[in-house]
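Comments concern the structure below.
These values consider heavy atoms only, across backbone and side chains, with no hydrogens, waters or symmetry-generated copies. Just so it is clear: chains get the letters A, B, ... in the order the sequence lines come, proteins before strands, and each one is counted from 1.
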Protein chains: 2
Amino acid sequence: MAHLTASVEYGLHCLLGLVDAGEQPRSARDLAAFQGISPSFVAKIFPRLEKAGIVEAAEGVRGGYRLARAPETISVLELVDAIEGPKPLFECQEIRSRCALFDDGAPGWATRGVCSIHAVMLKAEKAMRDALASESLADIAGRLQQKAPPAFGMDTRTWFDRRIARRRSGSPAQGKDGTG
Amino acid sequence: MAHLTASVEYGLHCLLGLVDAGEQPRSARDLAAFQGISPSFVAKIFPRLEKAGIVEAAEGVRGGYRLARAPETISVLELVDAIEGPKPLFECQEIRSRCALFDDGAPGWATRGVCSIHAVMLKAEKAMRDALASESLADIAGRLQQKAPPAFGMDTRTWFDRRIARRRSGSPAQGKDGTG
DNA sequence: GGAAATCTACTCGGATACCGCGTGTCCGAGTTATGGTGG
DNA sequence: CCACCATAACTCGGACACGCGGTATCCGAGTAGATTTCC
């Protein structure tokens, strides 16, 4: 396990699949299938992104999610906070007030301000959060697009469109798809 | 829970109790009692610090631990790594290679280099580690000494010395200590 | 042929088990200071 | 009085339970579109 959990990883990957979707919503199931991860788990992540105002949910048979804002305005820090909640890097337990020299109550000088150890951790947390805030979803998507061949974007769109079109058209190629 | 666990907090607090100890070793039990935390748990943390070359263990009845190096040369990052081990902030699961567009094997352009999402997290982790590396144990101890009244350092030393002297002298004041 | 009702399947959304890591505790091996004994 | 030895308590060090958070899954409520039927 790590501080930035697998939920964040899943959420970010799926959001990358929404950047080039435009107005057409994409369902959590399709996004999960595209990334090759658990649809059930992805379905639990997206409601949090929706509550945070990062994606919009469209209901119905051709519903799904789409970005609520331009990807340039969505920082990675926002995504992390939306998915994991405000989880601190370090939880100070105020050990300083339990010193054996303080019989019952700790003196004022000991508990005033922030714990010296906690301060260091807060500084480290801020550095981490600043780094996450400096990157946007569009940055990652752009870097990915730069690595991928030109046809990849179109192939992705085609994949989702076929997936949507196949929904209720009678599944014309359910078993004879290009697996062999 | 948090990424920087309670073990780190306990270890750091106890190490602060070693900064002004000099050559005289202080036992894990005494350090834990001084901080008002679990002695058993502290006893599990210090062996890791010893393996990392941060403290030296002295065995025997008047043994204990003492700093192996000057506190100015011990960074908080070292302590975190020594106690928690090399635990990454983010564990990339290589989702990128499972894309549905890649039938069996992912193409080279997809898996070459570092995952775009992983890169952002590594950047954040580096920022966090740099912040932790910029602080030393002596920095924290100095800041604490600045907050505490002048007599605190001497009181601390007296507390540990009495604790050691009482060990095998027949426990002259076992039950009539200043609790009331 | 056109429009409305129905019906289906797909969507989101939350409530529910399983598992691993961290927390906390305990007990055993080893060692040094102590106390007594013998010279 | 001094040196040696046995004792004993304290030390470190690792092995053993408990609890919580994360992971993964399932099922239920609601809705847009396609189908069918009636006029």
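Judged as a ring pair (Phe, Tyr, Trp, His ring centres under 6.0 Å), the pairs with a partner in residues 52-96 of chain B (not counting sequence neighbours) are, in order, F46(B)-Y65(B), F90(B)-H118(B).
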Determine, stepwise, if the pair R129(A) / D81(A) fulfils side chain to side chain contact (heavy atoms under 4.5 Å, CB included).
CA-CA 10 Å; R129(A) 290 175 69 85; D81(A) 283 344; 2.8 Å; yes

For a salt bridge (charged side-chain N to carboxylate O under 4.0 Å, His left out) check, start with the C-alpha distance between R96(A) and E94(A), then their side-chain angles and the critical distance, and finish with the verdict.
CA-CA 5 Å; R96(A) 58 180 179 172; E94(A) 290 295 327; 2.7 Å; yes

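With hydrogens and angles left out, the side-chain atoms of T5(A) and E84(A) include a donor and acceptor closer than 3.5 Å. Judged purely by distance below 3.5 Å, without hydrogens or angles, the side chains of D161(A) and T158(A) never pair a donor atom with an acceptor atom.
Rounded to a whole Å, the CZ atom of R26(B) is 18 Å from the C1' atom of dC12(D). Here dG22(D) presents its C1' atom at 12 Å from CD of Q93(B), a figure rounded to the nearest Å. We find that CZ of R66(B) is positioned 13 Å from C1' of dT11(D), with the value rounded to whole Å. Taking atom CD of E59(A) as the reference point, atom P of dG13(C) lies 6 Å away to the nearest angstrom. In this structure, E84(A) places its CD atom 10 Å from C1' of dG22(D), rounding to the nearest Å. Between the OH atom of Y10(B) and the C1' atom of dG22(C) there is a distance of 11 Å, rounded to whole Å. Between the CZ atom of R62(A) and the P atom of dC12(C) there is a distance of 15 Å, rounded to whole Å. In this entry the distance linking CD of E91(A) with C1' of dG22(C) reads 12 Å, nearest Å.
In this structure, Y65(B) reaches the dG13(D) phosphate: one of its side-chain N or O atoms is under 4.0 Å from OP1 or OP2. Proximity of S27(A) to the phosphate of dC12(C): no side-chain N or O atom is located under 4.0 Å from OP1 or OP2. The side chain of R29(A) contributes an N or O atom lying less than 4.0 Å from OP1 or OP2 of dT11(C). Residue S38(A) has no polar side-chain atom (N or O) positioned under 4.0 Å from OP1 or OP2 of dT23(D). Contact annotation: K87(B) reaches the phosphate of dG22(C) (side-chain N/O to OP1 or OP2, under 4.0 Å).
Between A57(B) and F41(A), the residue whose closest nucleotide on DNA chain D is further toward the 5' end is A57(B). Map A28(B) and G60(A) each onto its nearest nucleotide of DNA chain D; the residue landing nearer the 5' end is A28(B).
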With 3.5 Å as the limit, what N/O pairs link the protein to nucleotides 14-16 of chain C?
unit_1	atom_1	unit_2	atom_2	d
dG14(C)	OP1	K51(A)	NZ	3.1

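Candidate nucleotides dA33(C), dG13(C), dG33(D) were compared by shortest atom distance to the side chain of E50(A), and dG13(C) ranks first.
Relative ring orientation between F152(A) and F34(A) is described as tilted, the plane-to-plane angle lying within the 30° to 60° band.
Here the closest heavy-atom approach between residue I83(B) and residue G11(B) is recorded as CD1-CA, 4.1 Å.
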